[in-house]
Asker: 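Take a look at the following structure, please.
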Amino acid sequence: MSRADSPPTPPGLPLVGNGWAFSRRPVDAMESWADHGDLVELRFPGQSLYMVSGPDLVEQILVDQHDRFTIGPRQQATFEGIEDHAVTTATGDRWKRLRRALHPAFTPDRLQQYGDRMTTVTARFVDDWAEGERLDLTAAMRALAVQLLADSLVGADLRGEEDVVIAAADALVARTNFRRPGQLLPDWVPTPTDRRFRRSVTELDDLVDGLLADREAGAGEDVLSVLLEAHERGDLSMAEVRHNLVGLLLAGHESPSNALASAWRLLSDHGDVLDELVAEYDAVVDGDRPTAAEFEALTRTRNVVRETLRLYPPTTGVNRMATTDVTLDGYTLSAGSQLFVPQWVLHRDERFWTDPERFDPDRWARDTTRPDHAYIPFSAGPRACIGADFARRELTLALATMVGRVALDVEVDGPLTFTPSLSLRPEQDITATVHRR
């Protein structure tokens with residue numbers, strides 16, 4: 001077949017195509033597929049999609065020709081019943097309206113307001129840890145992330161109720177786990193995973209309804225106040241307020257908690273970098289915890305966050321669907337084609353990163369010549385994550401606050417592998433022993 005006909009397809013198995021390799025070891029599969037080219041066609045049961053791993057092509061899809069692509073039906077199906085009215089699943093003019101309504105919650109001034117609250121919540125959380133205590137690191141970082149988000153989102157203290165949010169996120173990830181038997185069944189066939197998902201969504205809806213019942217438009221200085229003000233102006237329906245709040249709770253705790261756990265894994269293995277973060281804390285922080293005003297001065301900590309998000313990005317990949325025939329890398333893809341951009345592959349491509357497997361926070365001060373879209377932890381272009389700057393600030397201030405109080409000696413139960421799902425969660429038990437400073 002000539003180049004003009006179709007991109008290369010990596011070898012797969014009869015019936016399941018490339019799905020078997022992805023279900024067994026997703027990151028290894030994506031890396032091997034990228035060896036066949038920056039644009040490859042993958043075959044999965046019942047569908048095919050194109051994996052894109054070249055920064056120039058990523059820029060075309062997410063930025064230059066973004067109006068020729070939209071989120072795909074798979075993304076909408078994933079969040080069906082939980083974020084139907086949220087910016088994450090909206091398209092066209094509705095997406096623009098929702099994005100405009102949410103924007104005031106994430107301006108620089110608002111982020112500055114959230115900063116001091118982030119460090120207060122983190123300090124309170126960490127101060128409960130005892131010297132020598134052994135933590136389930138993943139669970140601890142998820143509980144912290146929920147508390148951080150609840151404070152900034154709704155000005156609420158959700159201590160004791162974190163499990164409601166966490167269970168819904170777990171059910172969502174399980175729903176997209178490529179290994180689950182029901183993954184290949186029609187959507188109308190009920191499965192235990194689907195029933196668990198419905199139960200957890202109901203419990204999360206009840207929690208959110210309770211938060212909404214306790215609030216009035218204009219009360220507080222948080223994201224919910226912005227949503228309710230938009231509702232009062234007629235810019236958002238109550239269903240849109242509720243589903244955007246749910247979406248922010250789910251995504252806004254999942255990605256930061258994974259990143260904080262990954263950062264501590266890396267710091268535990270690189271004591272010299274941890275020592276440098278402690279030295280930066282001592283030099284920068286004037287008080288018992290960082291302030292929002294000290295965020296920019298935490299240069300080393302911000303670089304550790306950048307490097308952590310490079311090595312362990314928040315999601316498995318960015319999904320898009322072509323709305324018209326498009327030409328990429330010399331191939332013509334028809335309208336309706338599904339595309340997948342895996343951050344893991346981009347972030348570890350040796351064409352753009354020196355010694356890409358190595359944890360090297362210094363690269364962010366040393367190397368500035370790589371293509372812009374070789375690094376997209378929160379996607380890129382108009383549909384980039386609206387909370388990206390919030391997450392970067394949250395991760396930096398929370399990590400700095402923890403570093404000023406504790407060191408965590410992390411142990412992973414076996415070689416690190418990942419769930420083939422919406423996010424690349426480690427499958428191993430990860431524990432941490434607390435050493436107070």
Side-chain angles (χ1 to χ4, degrees), residues 1-13 16-22 25-75 91 178 309-310 313-354 356-357 367-385 420 424:
M1 186 174 286
S2 70
R3 177 175 174 80
D5 292 324
S6 180
T9 297
L13 296 177
V16 295
N18 302 110
W20 176 251
F22 183 77
R25 299 186 69 89
V27 297
D28 291 346
M30 292 186 293
E31 288 177 344
S32 69
W33 297 335
D35 291 340
H36 293 266
D38 286 348
L39 179 67
V40 298
E41 184 174 3
L42 305 175
R43 306 282 170 80
F44 293 94
Q47 67 172 321
S48 65
L49 60 82
Y50 298 92
M51 189 180 87
V52 181
S53 57
D56 291 344
L57 299 179
V58 172
E59 185 172 14
Q60 289 181 48
I61 295 165
L62 300 182
V63 182
D64 295 343
Q65 300 184 59
H66 69 88
D67 55 346
R68 305 184 73 182
F69 299 90
T70 188
I71 61 170
R74 192 69 179 172
Q75 181 171 337
T91 59
F178 205 79
L309 292 172
R310 182 185 72 83
T315 61
T316 305
V318 178
N319 293 280
R320 290 291 184 269
M321 181 180 73
T323 57
T324 183
D325 291 356
V326 294
T327 300
L328 293 173
D329 203 27
Y331 300 105
T332 298
L333 310 185
S334 60
S337 293
Q338 307 292 316
L339 296 97
F340 170 65
V341 180
Q343 291 108 318
W344 181 285
V345 174
L346 284 164
H347 292 186
R348 293 173 179 247
D349 193 323
E350 62 185 6
R351 293 176 297 175
F352 317 117
W353 306 93
T354 302
E357 302 294 324
D367 182 6
T368 59
T369 60
R370 72 187 69 84
D372 289 342
H373 294 87
Y375 181 71
I376 54 165
F378 298 103
S379 189
R383 284 201 76 115
C385 175
L424 293 173

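Note that this is a predicted model, so its numbers are computed, not measured.
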Asker: Do Pro26 and Leu424 have side-chain heavy atoms sitting under 4.5 Å apart?
Answerer: yes
Asker: So Trp33 and Phe44, would you call those rings parallel, tilted or perpendicular, with 30° and 60° as cut-offs?
Answerer: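 The arrangement is perpendicular - the two ring planes meet at more than 60°.
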Asker: Taking all non-hydrogen atoms of both residues into account, name the closest pair between His36 and Val40 and its distance.
Answerer: CB-CG1, 3.7 Å
Asker: If you compare all heavy atoms of Ser53 against all heavy atoms of Ala34, which two are closest, and at what distance to 0.1 Å?
Answerer: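 So the minimum-distance heavy-atom pair works out to OG-CB, 3.8 Å.
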Asker: Determine yes or no for a side-chain-to-main-chain donor-acceptor pair under 3.5 angstrom, with Asn18 supplying the side chain and Leu42 the backbone.
Answerer: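 Here the side-chain-to-backbone pair does not exist.
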Asker: Under the 3.5 angstrom rule, does the side chain of Thr9 hit a backbone N or O of Glu41 as a donor-acceptor pair?
Answerer: yes
Asker: Inspect the surroundings of CD in Glu350 and state if more than 12 heavy atoms from other residues, nucleotides or ligands are less than 6.0 Å away.
Answerer: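 No, the 6.0 Å shell around CD holds no more than 12 heavy atoms from other groups.
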Asker: If you measure from OG1 on Thr70 to CG on Asn319, what distance do you get to the nearest 0.5 Å?
Answerer: 11.5 Å
Asker: How many angstroms lie between atom CZ of Phe69 and atom CZ of Arg383, to the nearest 0.5 angstrom?
Answerer: 13.5 Å
Asker: Does His347 use its side chain to pair, donor to acceptor, with the backbone of Arg310 at less than 3.5 Å?
Answerer: yes
Asker: Does a donor on one side chain sit under 3.5 Å from an acceptor on the other, for Gln343 and Thr315?
Answerer: yes
Asker: For residues Phe340 and Leu49, report the shortest heavy-atom separation together with the two atoms involved.
Answerer: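 The answer is CB-CD1, 3.8 Å.
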Asker: Could you go step by step and tell me if Val58 and Val52 meet the side chain to side chain contact (heavy atoms under 4.5 Å, CB included) rule?
Answerer: CA-CA 7 Å; Val58 172; Val52 181; 4.1 Å; yes
Asker: Mind checking whether Leu339 and Leu333 have side chains closer than 4.5 Å, heavy atoms only?
Answerer: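 When only atoms from C-beta onward are counted, Leu333 and Leu339 do touch, with a gap below 4.5 Å.
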Asker: Run the side chain to side chain contact (heavy atoms under 4.5 Å, CB included) check on Leu328 and Ile61 step by step: do they pass?
Answerer: CA-CA 9 Å; Leu328 293 173; Ile61 295 165; 3.9 Å; yes
Asker: With side chains defined as the heavy atoms from C-beta onward, is the minimum distance between Tyr375 and Leu346 less than 4.5 Å?
Answerer: no
Asker: In the structure I gave you, are the side-chain heavy atoms of Met51 and Leu39 within less than 4.5 Å of one another anywhere?
Answerer: no
Asker: On a heavy-atom basis, which atom in Tyr331 and which in Ser6 lie closest, and how many Å separate them?
Answerer: CE2-O, 3.3 Å
Asker: Should the pair Asp38-Arg351 be classified as a salt bridge under the 4.0 Å nitrogen-to-oxygen rule?
Answerer: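 Here Asp38 pairs with Arg351 in a salt bridge, since their nearest N and O are under 4.0 Å apart.
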Asker: State whether Glu31 and Arg348 are salt-bridged, where the test is any N-O pair (Lys NZ or Arg NE/NH1/NH2 against Asp/Glu carboxylate O) under 4.0 Å.
Answerer: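 Salt bridge absent between Glu31 and Arg348.
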Asker: Measure the shortest side-chain to side-chain distance between Arg320 and Leu62 over non-hydrogen atoms and say whether it is less than 4.5 angstrom.
Answerer: yes
Asker: Do any N or O atoms from the side chain of Asp325 and from the backbone of Ala335 form a donor-acceptor pair under 3.5 angstrom?
Answerer: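 Checking the backbone N and O of Ala335 against the side chain of Asp325, a donor-acceptor pair under 3.5 Å is found.
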Asker: Is the shortest side-chain heavy-atom distance between Phe352 and Pro371 below 4.5 Å?
Answerer: yes
Asker: List the steps, then state whether side chain to side chain contact (heavy atoms under 4.5 Å, CB included) holds for Trp353 with Arg370.
Answerer: CA-CA 7 Å; Trp353 306 93; Arg370 72 187 69 84; 3.0 Å; yes
Asker: Kindly say whether Ala322 contributes a backbone atom to a donor-acceptor pair with the side chain of Ser337 at under 3.5 angstrom?
Answerer: no
Asker: Measure the shortest side-chain to side-chain distance between Tyr50 and Val341 over non-hydrogen atoms and say whether it is less than 4.5 angstrom.
Answerer: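 Tyr50 vs Val341: side chains apart.
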Asker: Of the non-hydrogen atoms in Ala29 and Ser32, which two are nearest, and what is the gap between them?
Answerer: O-OG, 2.8 Å
Asker: Indicate yes or no: at least one non-hydrogen side-chain atom of Pro314 is less than 4.5 angstrom from one of Pro377.
Answerer: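 Yes, at least one pair of side-chain atoms sits under 4.5 Å.
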Asker: Output the distance between atom CD (Gln60) and atom NE2 (His373), rounded to the nearest 0.5 Å.
Answerer: 11.0 Å
